[in-house]
Trainee: 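Have a look at this one before I ask anything.
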Amino acid sequence: MTPAHLFSREGEAALAATMARRPLLAFDFDGTLAPIVARPQDARIPLALARRLDRLAQVLPVAIISGRSIDDVRGRLSFEPHYVIGNHGAEDPAVAGKSDPDKLDGVRSRLRSSSAELEDAGVSVEDKRHSLALHYRLARDRERAQAAIERVVAELGDEASAFGGKMVMNIVAAGARDKADAVAGLVRRCGVEAAVFLGDDVNDEPVFERAEPGWLTVKVGRDDPSSRAAFCIDATEIARLLDDMLDALARADRR
């Protein structure tokens, strides 16, 4: 079922009901809070959004759950969320030991043996310890780059799995925690009964698919009718959503 627009009567009622329960607020980073850019190292959250997030973090638990490493994300924030979880959910300080970066050593070895082919095709390899990312946004011939990546992925053994993204192929250890695991863990950790999660990409779909009662899931972008999110918004509407969250909290406090 195609996600409904959040700024509809149905969506606004669902948001108001969820905010009244004082939920965890969890956000993806790239493509959700930070616009997609040609060079990943240039990604930042616009200051206007960061100010709203900072205000929300003063009254509710706020989390960033990203495909980036925790250190990478923290260096790009101009506000302080309560939680940052990295590597698509696999890197969480509170569950240390659940993800072993050494499990990807076999994949690292195969990538080194294919490095010349990948580099020639315009693919850059990013090792984030708990996951690997094969970027091809800057490749001159993206079809060639994708073909080179597919040859590498075809050789993955049972120790790893791969999933696509926006101009990237991600590789994680088999059985690694994903973003749905991360949200569920944070809900328990915070002692709340509800959560709001915003994401825009393939690695956010596990949250949408496995959302528990009390979770409000929102896909950023209205170009994927197959998404399992309950609602969707345009990227340009995130500021409006954060304002609505703040307004809902203010109304609740006046009661």
Side-chain angles (χ1 to χ4, degrees), residues 26-34 36-37 39-43 63-77 81 83-115 118-119 121-139 145-146 148-186 197 199-210:
F27 304 87
D28 169 49
F29 184 79
D30 292 281
T32 298
L33 295 178
I36 296 292
V37 291
R39 300 194 315 159
Q41 61 267 36
D42 293 335
I64 306 297
I65 306 176
S66 174
R68 294 174 181 264
S69 70
I70 290 176
D71 288 344
D72 188 349
V73 173
R74 285 200 181 278
R76 301 175 187 284
L77 301 179
Y83 308 98
V84 178
I85 295 178
N87 280 278
H88 315 286
E91 185 188 9
D92 183 346
V95 289
K98 294 292 183 66
S99 177
D100 182 0
D102 293 343
K103 290 181 179 179
L104 292 172
D105 282 350
V107 180
R108 293 184 175 96
S109 177
R110 282 191 286 277
L111 288 174
R112 284 193 294 271
S113 66
S114 302
S115 60
L118 291 170
E119 183 177 354
V123 178
S124 62
V125 178
E126 181 184 9
D127 189 337
K128 297 177 283 188
R129 293 194 69 243
H130 298 270
S131 72
L132 300 159
L134 280 61
H135 300 277
Y136 59 97
R137 183 174 296 276
L138 299 179
Q146 286 177 292
I149 290 171
E150 287 170 3
R151 283 191 287 273
V152 171
V153 169
E155 297 176 356
L156 291 180
D158 294 338
E159 80 275 22
S161 59
F163 54 91
K166 294 180 177 178
M167 304 300 171
V168 64
M169 180 65 72
N170 302 288
I171 301 174
V172 297
R177 288 168 55 87
D178 61 20
K179 289 190 176 185
D181 297 317
V183 175
L186 288 174
F197 177 77
D200 76 306
D201 210 343
V202 173
N203 65 343
D204 301 306
E205 287 295 325
V207 185
F208 304 152
E209 293 170 5
R210 290 156 46 200

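Along the sequence shown, residues are numbered consecutively beginning with 1. Predicted model only: the values in this text are computed from it and were never measured.
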Trainee: Donor-acceptor pair, distance only, cut-off 3.5 Å: does the side chain of Asn87 make one with the backbone of Gly89?
Mentor: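 It does not hold such a pair.
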Trainee: Would you check if the side chain of Glu126 reaches a backbone N or O of His135 as a donor-acceptor pair within less than 3.5 Å?
Mentor: no
Trainee: Can you tell me which residue among Asp201, Ile65, Asp200 is in a side-chain contact (heavy atoms from CB on, under 4.5 Å) with Thr32?
Mentor: Asp200
Trainee: Is it the case that over 12 heavy atoms from other parts of the model lie below 6.0 angstrom from the CD atom of Glu209?
Mentor: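 Buried by this count: over 12 neighbours within 6.0 Å.
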Trainee: So which atom in Lys128 and which in Ser69 form the shortest heavy-atom distance, rounded to 0.1 Å?
Mentor: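 Distance-wise, the nearest heavy atoms are CD-N, 4.2 Å.
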Trainee: Is the shortest heavy-atom distance from the side chain of Arg210 to the side chain of Asp181 under 4.5 Å?
Mentor: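 Arg210 reaches Asp181 side chain to side chain.
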Trainee: Yes or no on side chain to side chain contact (heavy atoms under 4.5 Å, CB included) for Glu119 and Val125, after CA distance, side-chain angles and deciding distance?
Mentor: CA-CA 9 Å; Glu119 183 177 354; Val125 178; over 6 Å; no
Trainee: Side chains of residues 150-158: which donor-acceptor pairs under 3.5 Å do they make with residues two or more places apart or in other chains?
Mentor:
{"unit_1": "Arg151", "atom_1": "NE", "unit_2": "Glu117", "atom_2": "OE2", "d": "2.7"}
{"unit_1": "Arg151", "atom_1": "NH2", "unit_2": "Glu117", "atom_2": "OE2", "d": "2.6"}

Trainee: Taking all heavy atoms of Ala139 and all of Ala145, pick out the closest pair and write down the distance.
Mentor: CB-CB, 3.8 Å
Trainee: Given side chain to side chain contact (heavy atoms under 4.5 Å, CB included), test Lys179 with Phe197 step by step and report yes or no.
Mentor: CA-CA 10 Å; Lys179 289 190 176 185; Phe197 177 77; 4.2 Å; yes
Trainee: Can you name the nearest heavy-atom pair linking Phe208 to Gly199, along with the distance?
Mentor: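 What the structure gives for the nearest pair is CZ-O, 3.7 Å.
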Trainee: Suppose the criterion is salt bridge (charged side-chain N to carboxylate O under 4.0 Å, His left out): which pairs have a residue in residues 63-73, not counting sequence neighbours?
Mentor: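 Counting only pairs at least two positions apart or across chains, the salt bridge (charged side-chain N to carboxylate O under 4.0 Å, His left out) contacts touching residues 63-73 are Asp30-Arg68, Arg68-Asp72, Asp72-Arg76.
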Trainee: For the pair Ser109 (side chain) and Gly106 (backbone), establish whether a donor and an acceptor sit closer than 3.5 Å, ignoring hydrogens and angles.
Mentor: no
Trainee: Go through the steps for Arg137 and Lys166 under the test side chain to side chain contact (heavy atoms under 4.5 Å, CB included), then give the verdict.
Mentor: CA-CA 8 Å; Arg137 183 174 296 276; Lys166 294 180 177 178; 3.8 Å; yes
Trainee: Start with the C-alpha distance between Arg177 and His130, add both sets of side-chain angles, then the distance that settles side chain to side chain contact (heavy atoms under 4.5 Å, CB included), and finish with yes or no.
Mentor: CA-CA 10 Å; Arg177 288 168 55 87; His130 298 270; over 6 Å; no
Trainee: What distance do Arg129 atom CZ and Arg108 atom CZ have between them, rounded to the nearest 0.5 Å?
Mentor: 8.0 Å
Trainee: If you measure from OG on Ser66 to CG on Asn203, what distance do you get to the nearest 0.5 Å?
Mentor: 8.0 Å
